[in-house]
Amino acid sequence: MVLASLSTGVIARIMHGEVVDAPVLQILAIKKINSAADSERYRILISDGKYFNSYAMLASQLNVMQHNGELEEFTIVQLDKYVTSLVGKDGAGKRVLIISELTVVNPGAEVKSKIGEPVTYENAAKQDLAPKPAATSNSKPVAKKEPIHNNNNVVMNSSINSGMTHPISSLSPYQNKWVIKARVTSKSGIRTWSNARGEGKLFSMDLMDESGEIRATAFKEQCDKFYDLIQVDSVYYISKCQLKPANKQYSSLNNAYEMTFSGETVVQLCEDTDDDPIPEIKYNLVPISDVSGMENKAAVDTIGICKEVGELQSFVARTTNKEFKKRDITLVDMSNSAISLTLWGDDAVNFDGHVQPVILVKGTRINEFNGGKSLSLGGGSIMKINPDIPEAHKLRGWFDNGGGDSVANMVSARTGGGSFSTEWMTLKDARARNLGSGDKPDYFQCKAVVHIVKQENAFYRACPQSDCNKKVVDEGNDQFRCEKCNALFPNFKYRLLINMSIGDWTSNRWVSSFNEVGEQLLGHTSQEVGEALENDPAKAEQIFSALNFTSHIFKLRCKNEVYGDMTRNKLTVQSVAPINHKEYNKHLLKELQELTGIGSSN
DNA sequence: CCCCCCCC
């Protein structure tokens with residue numbers, strides 16, 4: 001085993017403002033400095049073999065490395081991205097090192113011991129410091145030299161010029177002489193309120209830098225003053241806001257505090273952000289199909305084509321008597337799934353979906369109803385229309401070549417039943433528990449494999465009207481009568497009604513699937529299937545046999561039905577989804593915990 | 001100082 005050499009002496013240079021590429025350092029200790037689980041932060045004692053720095057912090061996105069045990073004592077790491085910032089009382093305190101990207105070079109268990117006899121870098125000899133005069137002057141804590149009654153812009157300008165801004169994670173109500181440099185990741189519309197304590201208007205925004213994120217709100221005069229200036233994705237210098245503890249009930253941001261713009265607040269656009277360390281907004285894009293398996297109320301980032309646009313709707317909320325405007329649109333993606341997304345307010349009013357744009361969303365919330373899941377763009381969510389990212393161009397190409405034509409997995413489709421997610425059950429238990437014997441149908445889901453698919457009566461000829469699926473009567477002479485619409489048509493459409501036997505590890509059952517589910521299972525449109533069954537038996541055989549022995553997650557509707565004097569328990573496939581192994585394993589682990597009591601948290 | 005986002 002070969003250990004990497006540390007970048008000896010480099011800490012003194014970095015902490016005096018020099019930019020050093022990819023320094024290699026050793027972690028000597030790591031500890032949590034904020035015990036609140038919702039804004040945890042780690043402080044590191046880090047060494048270059050000659051000097052150590054106890055004022056180093058992990059940016060929160062690296063917390064996971066500590067959780068995974070990758071950053072234990074003696075680990076040798078390479079810093080791929082870092083900044084230094086001033087923190088502390090009146091901005092004149094310590095310079096901290098904030099690490100936002102690092103690579104483990106040698107795990108602590110390999111290294112086993114401290115390298116060298118490092119001392120604090122503050123005792124560094126002159127020859128170890130940055131040779132560049134500019135860098136040396138940068139190291140001076142500028143804010144300390146300003147008179148306390150100085151003009152806001154003077155503080156701002158000196159901070160900007162010296163490159164010494166404060167990390168968001170260092171902000172607290174206990175000192176207010178700071179300047180942050182932050183990217184706006186989301187911005188609300190202007191909202192008015194009126195209650196017992198008065199009335200007014202406000203807008204809020206989420207800010208982010210290397211070290212963390214924070215919510216900021218501008219009320220009344222500040223709302224008017226700053227609303228137009230603040231733009232999503234732009235970077236600003238901001239100073240002189242009021243800080244107060246964040247009400248975690250209303251925010252999912254990783255910060256114990258939030259800030260309020262005051263009459264003193266200064267905001268300045270930072271135009272030159274090309275080589276800036278302020279991170280871009282990160283999207284954790286999930287395929288639409290995955291939303292099926294996610295928890296209700298979870299936050300979702302996703303990207304899809306707006307295939308359908310609903311009407312703008314206005315309504316008055318029953319509980320609050322407030323009027324809302326909303327618009328539901330349907331997104332589709334390459335997971336061959338569709339989901340409903342609700343837009344609110346101006347987003348809803350101004351939305352033009354007729355060009356079927358690419359829609360990128362971040363932080364939308366899952367709303368579950370009767371087994372279907374839809375997304376809602378709420379406070380703190382972001383929507384981007386036709387964003388210039390590779391995923392968007394890929395989707396565009398896919399959709400424009402017919403990719404979205406046969407979407408079959410309707411994530412927002414309701415399966416009836418309660419307002420909770422469908423219960424997992426085996427086919428044997430569904431029988432044993434007499435599911436379907438009540439007035440209302442019961443619903444459950446199971447993982448099962450297709451054993452037999454019947455080709456007989458797998459389709460019928462239905463009324464061609466788009467909102468009617470009634471079976472037509474063949475009148476001869478190429479005329480088809482729909483008794484429901486009371487009309488004659490020269491054509492009809494094929495509808496599927498697939499009967500098949502599926503089995504899980506406990507038992508087999510015959511189930512019926514209607515048109516959309518049938519199309520999804522067979523991977524062909526009802527038209528294609530109907531034509532094959534009528535005219536091309538070999539093609540039909542090929543289509544149907546492809547379904548044999550495939551496994552899916554089935555959501556089933558279970559109901560007793562009376563035929564003459566016989567009561568039969570009937571299973572209908574409400575929806576079918578590919579197996580999300582991660583989610584299915586979660587379910588299995590939960591079952592195992594319940595069976596054995598092993599691994600449960602209590 | 002807001003913190004509402006319904007209904008099925």
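Here the structure is a predicted model, which means the values were calculated and not measured. In what follows, chains carry the letters A, B, and so on, assigned in the order in which the sequence lines appear, proteins first and then strands, with residues in each chain numbered from 1. Only this structure's heavy atoms are used, side chains among them; waters, hydrogens and symmetry mates stay out.
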Quick one: [X] [atom1] to [N] [atom2], roughly how many Å, whole number?
X	N	atom1	atom2	answer
A/Lys297	B/dC6	NZ	C1'	11 Å
A/Asn247	B/dC1	CG	P	9 Å
A/Trp344	B/dC2	CH2	P	21 Å
A/Leu341	B/dC6	CG	P	14 Å
A/Ile190	B/dC5	CD1	P	21 Å
A/Glu323	B/dC5	CD	C1'	13 Å
A/Asp328	B/dC5	CG	P	16 Å
A/Met259	B/dC1	CE	P	16 Å

Please determine if a side-chain N or O atom of A/Arg197 lies less than 4.0 Å away from the OP1 or OP2 oxygen of B/dC2.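 Yes, within the criterion.
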A/Asn195 vs B/dC2: side-chain N/O to OP1/OP2 distance below 4.0 Å: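 Yes, within the criterion.
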Non-neighbouring partners of A/Tyr257 that pass ring-ring contact (aromatic ring centres under 6.0 Å, His included), sequence neighbours left out: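 In terms of ring-ring contact (aromatic ring centres under 6.0 Å, His included), with neighbours along the sequence ignored, A/Tyr257 is linked to no residue.
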Qualifying salt bridge (Lys or Arg N to Asp or Glu O under 4.0 Å) pairs, either residue in residues 217-230 of chain A, two or more places apart: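 Residue pairs with at least one partner in residues 217-230 of chain A: A/Lys201-A/Asp224.
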So, A/Phe324 and B/dC4: ring centres less than 5.5 Å apart, planes less than 30° off, yes or no?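 No, A/Phe324 does not stack on the base of B/dC4, since the centre distance and plane angle fail the 5.5 Å and 30° test.
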Compare the aromatic ring of A/Tyr250 with the six-membered base ring of B/dC3 and state whether they stack according to the 5.5 Å and 30° rule.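 It does: the ring sits over the base of B/dC3.
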What nucleic acid atoms does [X] come within less than 4.0 Å of, heavy atoms only: base, sugar-phosphate, or nothing?
X	result
A/Lys244	base
A/Gly379	base
A/Lys201	nothing
A/Thr217	base

A/Arg191 has a side chain; which of B/dC6, B/dC3, B/dC1 sits nearest to it?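 Of all the options, the side chain of A/Arg191 is nearest to B/dC3.
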A/Lys326 side-chain proximity, nearest of B/dC1, B/dC7, B/dC5: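 Between B/dC1, B/dC7, B/dC5, the one nearest the side chain of A/Lys326 would be B/dC7.
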For A/Asn560 and A/Asn569, does a side-chain donor sit closer than 3.5 Å to a side-chain acceptor?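 On atom types as modelled, these side chains qualify, holding a pair under 3.5 Å.
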Between A/Ser512 and A/Asn499, does any side-chain donor sit less than 3.5 Å from a side-chain acceptor?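 A donor-acceptor contact under 3.5 Å links the two side chains.
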On a plain distance test, is the side chain of A/Glu199 in donor-acceptor contact with the base of B/dC2 below 3.5 Å?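 In this structure, the two groups form no donor-acceptor pair.
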Please confirm whether any donor atom in the side chain of A/Glu258 sits under 3.5 Å from an acceptor in the base of B/dC3, or the reverse.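 Checked by distance alone, the answer is yes.
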Would the distance check show the side chain of A/Asn350 and the main-chain N or O of A/Asp346 forming a donor-acceptor pair, the cut-off being under 3.5 Å?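 Checking the backbone N and O of A/Asp346 against the side chain of A/Asn350, a donor-acceptor pair under 3.5 Å is found.
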